[in-house]
Amino acid sequence: MTSESVEIETPQQSTSAQQFTQLFSATRRGARLARLLAVEQLVAWGWPRGGERIDAAALVVAELAANAVTHGRLDGRGFRLGLALLPTARLRIEVTDPCGERLPVASRGAVEGGRGLIIVDALAVDWGVHPYPPSGKTVWAEVSAPRSGVGHRATLAGDCAPRPDSQRAPGGE
């Protein structure tokens, strides 16, 4: 009897070489930790700390995580943060919570609260929501990645190297 190799094609989502996924408690502290760890992961991928794109990504993570904690919380269940660098030079941010029946809506007329998704809409290239069976949902947003150097971290020493005299602030060393 001979064995035969058969290749079966299965549809797959586009994969990214750089992905991050972490579960968090559905608390304000969990939402804060999600933002902080997202920033650290992006820095590890080569995004410049304090840059416009990393700040936008951090704000989107903060808003989506806060929504998961506020509107998608079920006792004893947390939320999941996912980050993926896409081949389209975008960062995909996903926050999954267990409460699929409460779908997010950007509310421009809200007096108190409800403006987080307006911020997400302003900062993201695109965003949306899809079901996460059996009962949850994933809210996702994509932000543009920095133009160059993403994913290719040179050295940590380069981050702390003194600037040339021509770039120093007046009166600084």
Side-chain angles (χ1 to χ4, degrees), residues 13-147 149-151 153 159:
Q13 291 181 337
S14 88
T15 58
S16 170
Q18 296 176 319
Q19 295 182 349
F20 171 85
T21 302
Q22 181 68 47
L23 293 173
F24 296 94
S25 63
T27 62
R28 290 176 46 195
R29 184 176 184 187
R32 180 177 180 270
L33 187 57
R35 178 183 55 83
L36 293 171
L37 288 179
V39 168
E40 291 307 313
Q41 184 60 57
L42 294 175
V43 168
W45 285 343
W47 289 43
R49 189 181 298 276
E52 181 180 324
R53 296 288 85 210
I54 201 168
D55 290 347
L59 192 50
V60 168
V61 168
E63 292 297 339
L64 296 183
N67 281 352
V69 168
T70 304
H71 306 293
R73 181 180 179 165
L74 290 178
D75 286 340
R77 303 282 304 273
F79 70 93
R80 179 177 54 90
L81 169 67
L83 304 174
L85 287 176
L86 303 176
T88 58
R90 291 182 182 177
L91 171 71
R92 184 172 179 101
I93 300 164
E94 294 184 340
V95 173
T96 302
D97 68 55
C99 200
E101 64 275 1
R102 295 190 69 187
L103 298 178
V105 177
S107 177
R108 295 198 182 277
V111 175
E112 188 67 32
R115 293 183 290 267
L117 289 175
I118 295 171
I119 294 169
V120 171
D121 189 53
L123 295 173
V125 176
D126 197 9
W127 73 275
V129 61
H130 59 81
Y132 188 80
S135 63
K137 70 179 172 297
T138 297
V139 182
W140 58 270
E142 292 180 2
V143 297
S144 298
R147 301 203 196 297
V150 173
R153 187 98 171 131
D159 293 342

List the atom of [X], the atom of [Y], and the distance in Å for their closest heavy-atom pair.
| X | Y | result |
| --- | --- | --- |
| Trp45 | Gln19 | CZ2-N, 3.5 Å |
| Ala31 | Ala66 | CB-N, 4.1 Å |
| Gly78 | Pro98 | O-CD, 3.5 Å |
| Val143 | Ala57 | CG2-CB, 4.1 Å |
| Ser25 | Phe79 | O-CE2, 3.3 Å |
| Ala38 | Leu81 | CB-CD2, 4.1 Å |

Inter-residue atom distance [X].[atom1] - [Y].[atom2], 0.5 Å rounding:
| X | Y | atom1 | atom2 | answer |
| --- | --- | --- | --- | --- |
| Asn67 | His71 | CG | NE2 | 5.0 Å |
| Leu37 | Phe20 | CG | CZ | 5.0 Å |
| Gln41 | Ile54 | CD | CD1 | 10.0 Å |
| Arg92 | Trp127 | CZ | CH2 | 12.5 Å |
| Asp55 | Arg49 | CG | CZ | 10.5 Å |
| Leu42 | Leu85 | CG | CG | 7.0 Å |

So, are Glu94 and Lys137 salt-bridged, with charged N and O less than 4.0 Å apart?
no
Crowded around Tyr132 OH? As in, over 12 foreign heavy atoms under 6.0 Å?
no
Option from Thr96, Val120, Leu64, Asp126 for which side chain to side chain contact (heavy atoms under 4.5 Å, CB included) with Trp140 holds
Asp126
Tell me whether the guanidinium CZ or amine NZ of Arg53 lies under 6.0 angstrom from the six-membered ring centre of Trp47 and within 45° of its axis.
no
I'd like to know whether Glu63 forms a salt bridge (charged side-chain N to carboxylate O under 4.0 Å, His left out) with Arg35, so could you lay out the CA-CA distance, the side-chain angles of the two residues, the decisive distance to 0.1 Å, and finally the verdict.
CA-CA 9 Å; Glu63 292 297 339; Arg35 178 183 55 83; over 6 Å; no
